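This structure is a prediction, so every number in the text was calculated from the model and none was measured.
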Amino acid sequence: MIKSIQKTTMRFSKVLLAAVVTVFSLSVMKVNAQGDPIKLGFIPLTDCSPIVMAKELGLFKKYGVEVIVTKESSWANVRDKILTGELDGAHCLFSMPFSVYTGVGGKAGSEMKIAMMLNVNGQAISLSNDFCGKVGFKQMNKVAPVVAAKLKAEKEVTFAMTFPGGTHDLWLRNWLAIAGVNQKTSKIITIPPPQMVANMKVGNMDGFCVGEPWGGVAVKQGIGFTQIATQDIWKDHPEKALVVNKDFPVKRKEELKKVMKAVIEVCKWLDVPANRKKAASIIGKAPYVNAPAEVIENRLMGNYDLGCNLGTEIYDNDYMLFHKGGMVNFPKKSHAIWAMAQFVRFGYLKDDPNYKAIADKLILQDLYKEVAASMKIKMPTDDMKPFSLTMDKTVFDPANPEAYLKVVKK
């Protein structure tokens with residue numbers, strides 16, 4: 001009887017010990033999961049500034065999160081790392097999550113979530129020197145005849161953007177449509193942003209659309225000129241966003257909110273002109289954008305040397321903006337619906353997607369509202385209202401994108 005009791009006691013002790021060890025292990029795993037550094041990627045572009053400068057200025061630490069920022073080689077690389085969880089989030093093309101989800105730029109149904117916007121404006125369409133003297137700054141009526149002549153002489157005209165269905169792709173295609181160029185006659189290729197200038201230098205394309213500083217670098221190196229800035233096409237257009245993998249806002253919501261607070265604070269800092277020189281000197285370094293600080297600074301300040309003896313264009317209230325009193329950072333569902341309508345317009349999608357359902361699924365608008373309210377940040381009240389672009393006056397009603405698609409230029 002005594003031996004039986006002893007054996008039972010020993011078995012119970014082992015079971016109890018095993019249970020304690022399991023609970024302890026799970027607790028440690030939970031602590032580790034919560035304490036793991038947050039990994040945010042960026043592409044070498046001027047508008048990576050909110051991510052990079054939040055790190056450099058110690059704002060992530062201020063809000064109690066450890067963040068590692070990593071330089072990525074292409075938008076496709078960013079997409080893949082977010083989807084696999086290798087990155088928790090990244091500086092990302094605003095329209096990329098919708099491109100990926102609808103199957104334009106990735107496996108259909110793959111979810112990347114938009115937490116907030118990082119900037120508006122500040123991209124450009126650059127043309128090679130073959131166009132110099134034939135097409136001037138914002139001379140949209142002269143683009144089609146020069147393209148037609150080039151096609152006749154060389155049989156091919158090539159333009160580059162950075163990701164299918166990404167913002168640069170949409171600005172390029174809108175530019176072609178406004179200029180009256182049939183897009184089926186042009187070859188449109190995908191090139192990562194930092195490789196644009198080198199590819200134009202060796203003649204791989206006739207023009208490209210990309211974010212700064214690469215338009216400015218093309219001018220500085222004398223290989224091309226700025227034909228138009230994207231804010232001329234659409235003032236205050238959405239551009240980059242803080243995009244996160246689908247698990248981050250579920251499993252580490254409080255940490256994501258802290259990241260967003262740090263980014264909002266640095267966006268406000270970046271909109272102070274006196275701070276832009278410091279930002280340019282830091283992000284221009286090799287670990288980040290790896291481009292001349294003066295080129296970054298000039299275009300950040302709205303001073304555009306256009307190249308091709310076109311002089312300088314000064315932007316005062318429509319250069320690259322990061323906060324604008326809270327108007328920039330709010331992620332609009334109407335803009336998401338507009339982007340997806342472009343996929344249909346330009347032939348990426350044969351049928352209309354479920355616009356609103358996709359926007360609702362991929363934009364974490366409620367999370368942004370929670371963070372903004374806690375920081376007393378103003379929010380725009382015009383989401384889901386009709387709007388039009390600066391150059392293309394076709395009215396877009398986010399409640400009825402089908403009507404827009406019937407009348408807009410292809």
Side-chain angles (χ1 to χ4, degrees), residues 41-49 51-52 71-78 91-94 96 118-132 137 158-163 166-172 175 188-233 237 239-240 276 279-308 310 312-313 315 319-320:
F42 70 91
I43 291 289
L45 290 162
T46 300
D47 50 29
C48 75
S49 294
I51 302 297
V52 170
K71 186 175 182 175
E72 304 299 331
S73 59
S74 68
W75 292 120
N77 194 45
V78 168
H91 149 253
C92 197
L93 301 161
F94 166 72
M96 195 162 123
L118 298 178
N119 73 293
V120 298
N121 304 327
Q123 322 301 296
I125 290 173
S126 303
L127 296 179
S128 72
N129 287 331
D130 287 351
F131 289 80
C132 185
F137 180 64
T158 301
F159 296 104
M161 48 77 182
T162 63
F163 188 84
T167 49
H168 301 137
D169 187 17
L170 300 186
W171 312 143
L172 176 65
W175 174 76
I188 297 178
I189 61 175
T190 303
I191 300 288
Q195 297 176 26
M196 284 292 189
V197 174
N199 273 272
M200 183 177 276
K201 187 178 289 186
V202 297
N204 286 343
M205 83 271 284
D206 298 288
F208 61 74
C209 181
V210 73
E212 295 302 342
W214 305 115
V217 171
V219 170
K220 184 176 177 61
Q221 293 189 9
I223 62 162
F225 65 97
T226 299
Q227 198 277 327
I228 198 168
T230 52
Q231 55 263 36
D232 296 312
I233 297 172
H237 65 76
E239 186 48 46
K240 301 303 189 301
R276 295 195 169 200
S281 69
I282 291 173
I283 69 168
K285 294 177 181 177
Y288 299 127
V289 178
N290 194 22
E294 68 271 18
V295 174
I296 297 173
E297 181 186 343
N298 283 339
R299 295 216 166 183
L300 263 179
M301 298 300 290
N303 300 324
Y304 283 51
D305 176 3
L306 301 173
C308 186
L310 293 172
T312 300
E313 180 73 8
Y315 294 90
Y319 46 33
M320 189 179 289

State, to 0.1 Å, how close Pro192 and Ser73 come at their nearest heavy-atom pair, and which atoms those are.
CB-O, 3.5 Å
Backbone of Gly122 reached by a side-chain donor or acceptor of Gln231 within 3.5 Å
yes
Any chance you could measure Ile283, atom CD1, to Glu297, atom CD, to the nearest 0.5 Å?
10.5 Å
On a heavy-atom basis, the closest approach of Ala218 and Val197 is N-CG2, 4.0 Å
Ignoring hydrogens and angles, tell me if any N or O in the side chain of Asn129 forms a donor-acceptor pair with the backbone of Gly222 under 3.5 Å.
yes
Ring pair (Phe, Tyr, Trp, His ring centres under 6.0 Å) partners for His168, two or more places apart
none
Straight-line distance of Leu310 CG to Thr226 OG1, nearest 0.5 Å
9.0 Å
What is the distance from atom OH of Tyr304 to atom OG1 of Thr312, rounded to the nearest 0.5 Å?
12.5 Å
Keeping to residues at least two apart or across chains, list the ring-ring contact (aromatic ring centres under 6.0 Å, His included) pairs with something in residues 279-300.
Phe42-Tyr288
Would you confirm whether the ring centroid of Phe208 sits within less than 6.0 angstrom of the ring centroid of Trp214?
no
Residues forming a salt bridge (charged side-chain N to carboxylate O under 4.0 Å, His left out) with Glu212, sequence neighbours excluded:
Arg299
Side chain to side chain contact (heavy atoms under 4.5 Å, CB included) evaluation trace for Thr46 with Val289:
CA-CA 7 Å; Thr46 300; Val289 178; 5.5 Å; no
Which heavy atom in Pro213 sits nearest to a heavy atom in Ile296, and how many Å separate them?
CB-CG1, 3.7 Å
Begin from the C-alpha positions of Leu93 and Ile43 and carry the test side chain to side chain contact (heavy atoms under 4.5 Å, CB included) through to its verdict.
CA-CA 10 Å; Leu93 301 161; Ile43 291 289; over 6 Å; no
Among Thr230, Asn119, Thr167, whose side chain to side chain donor-acceptor pair (under 3.5 Å) with Glu239 holds?
Thr167
Ignoring hydrogens, what is the shortest heavy-atom contact between Val210 and Gly215? Give both atom names and the distance.
CG1-N, 4.4 Å
Contacts of Asn77 that satisfy side chain to side chain donor-acceptor pair (under 3.5 Å) - sequence neighbours left out
Glu72
Who passes side chain to side chain donor-acceptor pair (under 3.5 Å) against Tyr315, sequence neighbours left out?
Asp232
All salt bridge (charged side-chain N to carboxylate O under 4.0 Å, His left out) counterparts of Glu313, not counting sequence neighbours
none
Trp75 versus Pro193, closest heavy-atom pair with distance:
NE1-CG, 3.7 Å
Checking Lys71 now: which residues fulfil side chain to side chain donor-acceptor pair (under 3.5 Å) with it, not counting sequence neighbours?
none
Apply side chain to side chain donor-acceptor pair (under 3.5 Å) to Asp47 and list each qualifying residue two or more places apart in sequence or on a separate chain.
His91, Gln123, Lys240
Suppose the criterion is side-chain hydrogen bond (donor to acceptor under 3.5 Å, both in side chains): which pairs have a residue in residues 190-199, not counting sequence neighbours?
Asn199-Asn204
Applying side chain to side chain contact (heavy atoms under 4.5 Å, CB included), can you list everything that pairs with Thr158, at least two apart in sequence or on another chain?
Glu156, Lys187, Ile189, Met205, Asp206
Suppose we screen for side chain to side chain contact (heavy atoms under 4.5 Å, CB included). Which residues come up paired with Lys201, at least two apart in sequence or across chains?
Gln221, Ile223
Can you name the residues that form a ring pair (Phe, Tyr, Trp, His ring centres under 6.0 Å) with Phe163, not counting sequence neighbours?
none
When rounded to the nearest 0.5 Å, the distance separating OG of Ser126 from CD1 of Ile228 is 11.5 Å
Name the orientation class of the two ring planes belonging to His237 and Trp171 (parallel below 30°, tilted from 30 to 60°, perpendicular beyond 60°).
tilted
Side-chain heavy atoms of Leu127 within contact of Phe225, under 4.5 Å
yes
Identify the heavy atoms of Ala280 and Leu300 that sit nearest to each other, and give their distance.
CB-CD1, 4.4 Å
